[in-house]
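Okay, so here's the structure we're looking at.
For reference, positions follow the sequence shown, starting with 1. Worth saying up front: this structure is predicted, and the values here are computed from it rather than measured.
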Amino acid sequence: MEETAAAAEGVPVPDARTGVEASTRYGGMSIRQCVDKINKSLEHPKVRFLREHMIDAGCPVWVRLLMPLNCKDQGFAGGYTSGKGIAICCNHMTFQDEINQVLIHELIHAYDDCRAKNINWKNCYHHACSEIRANHLSGDCHYKRELLRGFMKIRGHEQECVKRRALKSVQINPHCSDAAARDAVEAVWDICYNDTYPFERAP
């Protein structure tokens, strides 16, 4: 990732291993515009809910852990790095909703990291479980979002989307081969898809 003014002031540059898919649009927004929209996202009900549960779990998400960056890799909209924080790829963002979704998705990874205590992002099964949960609970696979991506299937679209997006993320993990990623997603699917905590049910 390319360092920005924010990174030059001491914000660590993450490897965004658990990144979500970037928008296909080009250009994006400036860092200043992005920061304004990140601040607005902090008032989103689901973002506030997740941050409150992070505090309850002993892992508050300070604003300084939210890192607006310009990202070279077109494959990422953002990412979570354990011990560093959440990256938001401003140059891949166009709308407020996109930033909201990145924060919600990555906060679920951060929550899993806090809740599990011993989560190992190099472990394909651990990574697969968190990706399944993040895609399922964030709303990334809402049918309207899938339609915008060109996936027209209506019946059963949500589980298919969650599995597809989780697999794609785990395949990017340098510690997971394609076969290992597929095995991990299948092995943990039932337990992790049905684990909706801290939500009572999938939003």
Side-chain angles (χ1 to χ4, degrees), residues 14 16-23 25 28-29 33-69 76-82 84-90 92-116 119 121 127-149 151 157-166 168-169 189 191-203:
R17 184 170 297 136
T18 61
V20 297
E21 293 175 51
S23 167
R25 302 176 187 86
M29 61 183 68
Q33 291 172 321
C34 192
V35 168
D36 289 343
K37 292 188 183 300
I38 291 170
N39 287 330
K40 189 173 180 181
S41 287
L42 296 177
E43 297 305 314
H44 187 283
K46 200 179 289 187
V47 171
R48 293 177 65 177
F49 176 85
L50 287 166
R51 291 184 74 197
E52 287 167 5
H53 279 270
M54 290 284 290
I55 291 170
D56 291 344
C59 305
V61 179
W62 305 111
V63 174
R64 64 179 173 78
L65 297 177
L66 305 178
M67 299 172 285
L69 300 169
F76 291 125
Y80 170 73
T81 303
S82 184
K84 293 184 178 181
I86 293 171
I88 299 96
C89 295
C90 299
H92 299 163
M93 300 289 102
T94 306
F95 304 114
Q96 180 70 52
D97 180 67
E98 292 173 318
I99 291 183
N100 294 346
Q101 281 304 117
V102 169
L103 280 183
I104 293 164
H105 182 111
E106 303 306 338
L107 280 170
I108 293 168
H109 287 313
Y111 179 79
D112 287 349
D113 202 15
C114 177
R115 179 177 68 151
I119 194 167
W121 296 103
H127 186 181
C129 187
S130 190
E131 289 294 350
I132 290 167
R133 280 176 37 78
N135 282 290
H136 180 42
L137 302 177
S138 67
D140 286 339
C141 287
H142 188 279
Y143 77 94
K144 290 182 179 178
R145 296 182 194 284
E146 279 289 87
L147 287 175
L148 289 172
R149 296 180 188 120
F151 293 94
H157 81 277
E158 201 271 346
Q159 290 192 13
E160 185 177 290
C161 168
V162 170
K163 188 170 287 189
R164 182 187 77 244
R165 289 169 63 84
K168 184 172 182 177
S169 292
W189 174 259
I191 190 168
C192 298
Y193 183 83
N194 290 302
D195 177 7
T196 63
Y197 203 79
F199 301 97
E200 290 186 7
R201 61 182 185 276

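The distance from the CG atom of N39 to the NZ atom of K37 is 11.5 Å, given to the nearest 0.5 Å. Between C34 atom SG and L66 atom CG the span is 10.5 Å, to the nearest 0.5 Å. To the nearest 0.5 Å, atoms CD1 (I88) and CD1 (I38) are separated by 4.0 Å. Note: D56 CG to C114 SG = 10.0 Å, rounded to the nearest 0.5 Å. The distance from atom OH of Y193 to atom CD of Q159, rounded to the nearest 0.5 Å, is 4.0 Å. From M93, atom CE reaches atom CG of N100 across 10.5 Å, with rounding to the nearest 0.5 Å.
In terms of heavy-atom proximity, L103 sits nearest to S41 at CD1-CB, 3.4 Å. The two residues G78 and C89 make their nearest non-hydrogen contact at N-SG, 3.9 Å. Across all their heavy atoms, G139 and K46 have their closest contact at N-NZ, 4.3 Å.
By the 30° and 60° cut-offs, the orientation of the rings of H109 relative to Y80 is parallel.
Q101 and H105 are not linked by any side-chain donor-acceptor pair at a separation below 3.5 angstrom, with hydrogens and angles left out of the test.
Side-chain contact check for I86 versus L65: every heavy-atom pair is 4.5 Å or farther apart. In this structure, the side chains of D140 and C161 stay at 4.5 Å or more apart for every pair of heavy atoms. Put simply, the side chain of L42 reaches to within 4.5 Å of the side chain of R51, judged on heavy atoms. Side-chain contact between L137 and T196 is present, with heavy atoms from C-beta onward closer than 4.5 Å. K40 places a side-chain heavy atom less than 4.5 Å from the side chain of Q96. A heavy-atom distance below 4.5 Å is found between the side chains of E158 and H136.
Checked against salt bridge (charged side-chain N to carboxylate O under 4.0 Å, His left out), D195 has the following partners two or more places apart in sequence or in another chain: R115, R133. Qualifying ring-ring contact (aromatic ring centres under 6.0 Å, His included) partners for F199, counting only residues two or more places apart in sequence or in other chains: F49.
Looking at H44, Q33, M29 one by one, the single match for side-chain contact (heavy atoms from CB on, under 4.5 Å) with I99 turns out to be M29. The only member of R164, R165, K163 that meets side chain to side chain donor-acceptor pair (under 3.5 Å) when paired with N135 is R165. Of the residues listed (V102, I108, I104), the one engaging E106 in a side-chain contact (heavy atoms from CB on, under 4.5 Å) is V102, and it is the only one.
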